[in-house]
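Notes for the one structure printed next.
By convention here, the first residue in the shown sequence is residue 1. Remember, it's a predicted structure, so these values are computed and weren't measured experimentally.
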Amino acid sequence: MSKSFMKWYSILLVGALAHGTVLAADKPNIIVILTDDQGWGDLSIHGNKALSTSNIDRMAQEGARFDRFYVSPVCSPTRAEFLTGQHHTRCGVYDTSAGGERVNPDKMMIGELFKRAGYKTAAFGKWHSGMQYPYHPNARGFDEFYGFCSGHWGNYFSPILEHNGQIIEGNGFVVDDFTERAMKYIEQHQDEPFFVYLPYNTPHSPMQVPDRWWNKFKDLELTQDHPKREFEKVDHTRAALAMCENIDWNVGRLLAKIDELRLAHNTIVLYLSDNGPNGDRWNGGMRGRKGATDEGGVRSPLFVRWPARIEAGTKIPQICSVLDLMPTLAEMAGVEVAEKMPLAGVSLAPLLYGNSSDWKERTLVHHWKGKVSVRTQRHRLDHEGRLYDIAEDPGQTKAVNNKVPEIADAMRKVADKFRSEMLVNYGKEFDDRPFVIGHSDSIFTQIPARDGIGHGNITRSNRFPNDSYFQNWTSLDDSITWNCEVGETGTYLVELFYTCPKADIGSTIELSFRGNVLTGKITEPHDPPLMGMEHDRFKRKESYVKNFNRKVLGKIQLKQGEGTLQLRALEIAGSKVMDFRLMLLTRVD
């Protein structure tokens with residue numbers, strides 16, 4: 001090799017690095033932003049005139065914009081499908097709470113895939129795929145986790161969160177907090193390839209957002225018409241849009257950070273939502289919202305920006321799925337997927353690179369709670385067997401079964417096949433997975449009220465378990481139980497998170513598992529008021545929360561194996577024992 005060539009190559013390399021470009025051999029960084037209950041129509045780039053999402057819009061304009069991208073009707077199935085590349089019915093996910101949200105540990109997750117490939121991996125936000133090991137994010141390939149594992153949270157301002165298993169207090173509004181943590185992590189690992197998963201928990205209820213964004217919307221007149229206008233709850237919509245503008249602000253901060261660090265050129269940034277909107281509001285005229293298998297319930301934005309490879313302004317009209325993201329990112333990063341079961345999705349890299357000549361038309365199936373819908377490039381068959389030409393009728397108002405009976409019949413067969421092959425042994429009645437305590441790879445185990453069963457007089461603070469607590473514990477016949485499996489024999493420190501007024505202090509409680517017993521007393525009064533309503537912009541359905549006291553109950557010896565973990569009272573000093581939110585078990589020996 002000549003000296004002149006080497007001199008030319010050195011100049012080229014220095015110049016490329018000086019301008020923030022990279023060599024093709026460098027692994028791209030990856031950031032995935034997943035919002036919660038944000039509909040396709042909750043962005044200004046899609047025609048919503050009530051808000052401005054300039055940073056998200058700019059991201060779409062600087063990369064690829066998918067016109068027909070689909071997810072599942074609700075959050076935990078979409079997360080499962082993104083994280084594994086497999087349909088949620090194959091992952092053990094059948095519900096959004098009480099264990100039904102857990103992704104089976106035999107499914108390789110995207111964090112594991114990229115960790116094995118040498119990436120630094122982190123997740124900041126709402127996990128919603130299992131709390132205890134082996135379902136916890138730290139067990140699924142994410143070295144760093146900061147956020148909460150439940151399906152929703154009751155307070156968005158400095159709430160109780162966790163950091164790699166340790167229970168801590170958050171810092172300010174959660175979405176701002178998660179973004180700060182992500183930016184700090186990126187700065188710390190800017191010299192290594194990183195995979196950052198940022199699952200925001202807004203605009204999911206409770207409808208809480210700082211004044212800075214609410215003040216713009218609190219009196220805003222909503223002028224855009226839509227099919228469900230008469231059912232729209234205006235303040236709910238206003239709050240949702242304010243939360244979306246807060247998301248946009250945080251996306252802007254994140255993009256500015258990678259610009260500042262000169263990482264933007266070789267960083268893949270994805271933006272999507274987990275389902276349709278959580279209310280009747282403007283959504284491009286589509287039928288359906290969160291929970292529905294209709295077009296409006298499963299169509300999501302998807303924007304992908306990677307300046308090094310994706311041409312700005314790329315538009316992709318082909319139907320695509322959240323199932324496609326794992327194989328897509330793997331191919332784009334040059335990471336091999338070694339999975340026992342083939343992935344259900346396909347790589348979208350050819351579309352992103354402008355190579356669509358050999359792209360084959362696809363058929364997608366959407367499912368939730370027994371409702372099955374089928375989507376081709378042009379048509380949708382709804383869960384009642386009615387066929388719609390979405391290109392002509394996005395609102396699904398006029399069935400065309402009689403006009404194209406052969407298409408309706410073919411799509412009906414797809415739905416029937418899905419039911420017979422994918423929904424066999426699917427659902428809660430077939431779920432016998434215990435909650436794991438003391439997994440060998442973790443010293444911390446959270447045991448929340450969410451996963452327990454209240455007996456006797458004990459009731460939940462709300463019918464939605466995710467962020468609930470147990471109350472009305474008034475009798476010696478009352479108890480709370482968990483179907484558990486202890487992963488490793490050992491001594492465990494038990495901490496309670498509870499409230500109890502001064503008049504009821506002094507009850508003796510017993511924790512037991514397979515013959516081993518710990519007894520202790522509630523000796524510290526702690527009776528804070530319910531909170532959350534002071535931040536709500538619209539009346540909520542979920543439980544309000546309290547500032548629960550953290551108390552060491554003692555130590556218990558637990559033996560490996562399955563059994564029932566029981567918490568009961570041996571003596572009640574007042575009118576009730578306590579309100580119970582959570583136990584934290586730490587293996588100390």
Side-chain angles (χ1 to χ4, degrees), residues 37-41 46 66-78 81 87-89 93-96 226-232 273-302 317-324 344-345 361-424 426-427:
D37 287 0
Q38 181 181 37
W40 178 91
H46 288 157
F66 286 73
D67 182 59
R68 296 286 170 173
F69 181 78
Y70 296 98
V71 293
S72 276
V74 292
C75 35
S76 50
T78 292
E81 291 173 3
H87 201 279
H88 69 269
T89 58
V93 175
Y94 60 86
D95 208 336
T96 58
H226 58 88
K228 294 284 188 177
R229 185 73 182 268
E230 62 182 301
F231 302 106
E232 184 170 17
S273 181
D274 63 353
N275 45 248
N278 56 346
D280 292 315
R281 55 183 183 263
W282 187 87
N283 196 29
M286 294 180 288
R287 189 176 87 184
R289 49 174 282 186
K290 175 182 179 178
T293 55
D294 293 311
E295 191 78 358
V298 293
R299 187 183 180 191
S300 163
L302 176 63
Q318 291 89 346
I319 60 170
C320 300
S321 167
V322 67
L323 291 162
D324 302 331
E361 288 210 3
R362 307 171 67 190
T363 299
L364 305 177
V365 180
H366 299 108
H367 160 264
W368 188 240
K369 298 298 183 183
K371 295 181 178 180
V372 177
S373 178
V374 181
R375 182 70 156 90
T376 62
Q377 186 64 40
R378 181 162 183 168
H379 293 92
R380 179 173 293 282
L381 184 80
D382 75 4
H383 71 278
E384 294 182 331
R386 294 170 299 202
L387 183 71
Y388 299 95
D389 185 339
I390 299 298
E392 300 292 332
D393 181 22
Q396 297 174 237
T397 62
K398 298 178 182 179
V400 296
N401 299 61
N402 294 333
K403 291 183 179 181
V404 283
E406 69 285 355
I407 294 177
D409 185 59
M411 294 177 71
R412 194 179 300 111
K413 288 178 180 178
V414 172
D416 290 342
K417 183 178 180 182
F418 180 90
R419 292 185 184 97
S420 64
E421 293 183 359
M422 302 292 281
L423 299 185
V424 176
Y426 171 79

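Each of L423, V424, V365 was compared with T89 under the side chain to side chain contact (heavy atoms under 4.5 Å, CB included) criterion, and only L423 meets it.
Taking the side chain as every heavy atom from C-beta outward, E295 and Y388 never approach each other to under 4.5 Å. Counting heavy atoms from C-beta on, the side chains of N275 and C75 come closer than 4.5 Å. Using a 4.5 Å heavy-atom threshold, the side chains of R68 and I390 count as touching. Contact annotation: the side chain of H226 approaches that of E232 to within less than 4.5 Å [non-hydrogen atoms, C-beta and beyond].
For the atom pair CG (D274) and OG (S72), the distance works out to 9.5 Å, reported to the nearest 0.5 Å. Rounded to the nearest 0.5 Å, atoms OG1 (T363) and CG (L381) are 11.0 Å apart. To the nearest 0.5 Å, atoms CG (D95) and NE2 (H88) are separated by 10.5 Å. Rounded to the nearest 0.5 Å, atoms NZ (K369) and OG1 (T293) are 13.5 Å apart. Separation of atoms CD1 (I407) and CG (L387) is listed at 7.0 Å; rounding is to 0.5 Å. Annotation: the span from S373 atom OG to E384 atom CD amounts to 11.0 Å, rounded to 0.5 Å.
With hydrogens and angles ignored, the 3.5 Å screen pairs no side-chain donor or acceptor of D324 with any backbone N or O of F69. The main-chain N or O of E361 is never found under 3.5 Å from a side-chain atom of Q318 such that the two would form a donor-acceptor pair. Without hydrogens or angle criteria, S273 side chain to S300 main chain gives no donor-acceptor distance under 3.5 Å. Looking at D280, its side chain never comes within 3.5 Å of a backbone N or O of K228 through a donor-acceptor pair.
For W40, the ring-ring contact (aromatic ring centres under 6.0 Å, His included) partners at least two apart in sequence or on another chain are H46. Residues meeting the salt bridge (charged side-chain N to carboxylate O under 4.0 Å, His left out) test with E81, sequence neighbours left out: none.
The pair R299-D67 meets the salt-bridge criterion, since a charged nitrogen lies less than 4.0 angstrom from a carboxylate oxygen. R412 has a carboxylate O that lies under 4.0 Å from a charged side-chain N of D409, or vice versa, which qualifies the two as a salt bridge. Ion pairing of D389 with K403 is absent here, as no side-chain N (NZ or NE/NH1/NH2) approaches a carboxylate O to less than 4.0 Å.
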Using the side-chain contact (heavy atoms from CB on, under 4.5 Å) rule, take M286 and D294 through it: C-alpha gap first, then chi angles, then the decisive distance, then the call. CA-CA 8 Å; M286 294 180 288; D294 293 311; over 6 Å; no
Please report the C-alpha distance between R287 and D382 in whole Å, then the side-chain angles of each, then the deciding distance to 0.1 Å, and finally whether the side-chain contact (heavy atoms from CB on, under 4.5 Å) criterion is met. CA-CA 11 Å; R287 189 176 87 184; D382 75 4; 3.0 Å; yes
Could you walk me through whether E392 and R378 pass side-chain contact (heavy atoms from CB on, under 4.5 Å), step by step? CA-CA 9 Å; E392 300 292 332; R378 181 162 183 168; 3.9 Å; yes
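Between G291 and W368, the closest heavy-atom pair is O-CD1, 4.1 Å. Heavy atoms only, all atoms of each residue included: T376 and I319 are closest at C-CD1, 3.6 Å. The two residues A292 and V298 come nearest to each other via the heavy atoms O-CG1, 3.7 Å.
Around atom NZ of K398, no more than 12 heavy atoms belonging to other residues, nucleotides or ligands sit under 6.0 Å away.
A cation-pi arrangement is found for R380 relative to Y70, the charged atom lying closer than 6.0 Å to the ring centre and inside a 45° cone about the ring normal.
A perpendicular orientation is assigned to the rings of Y426 and H367, their planes being inclined by more than 60° (bins at 30° and 60°).
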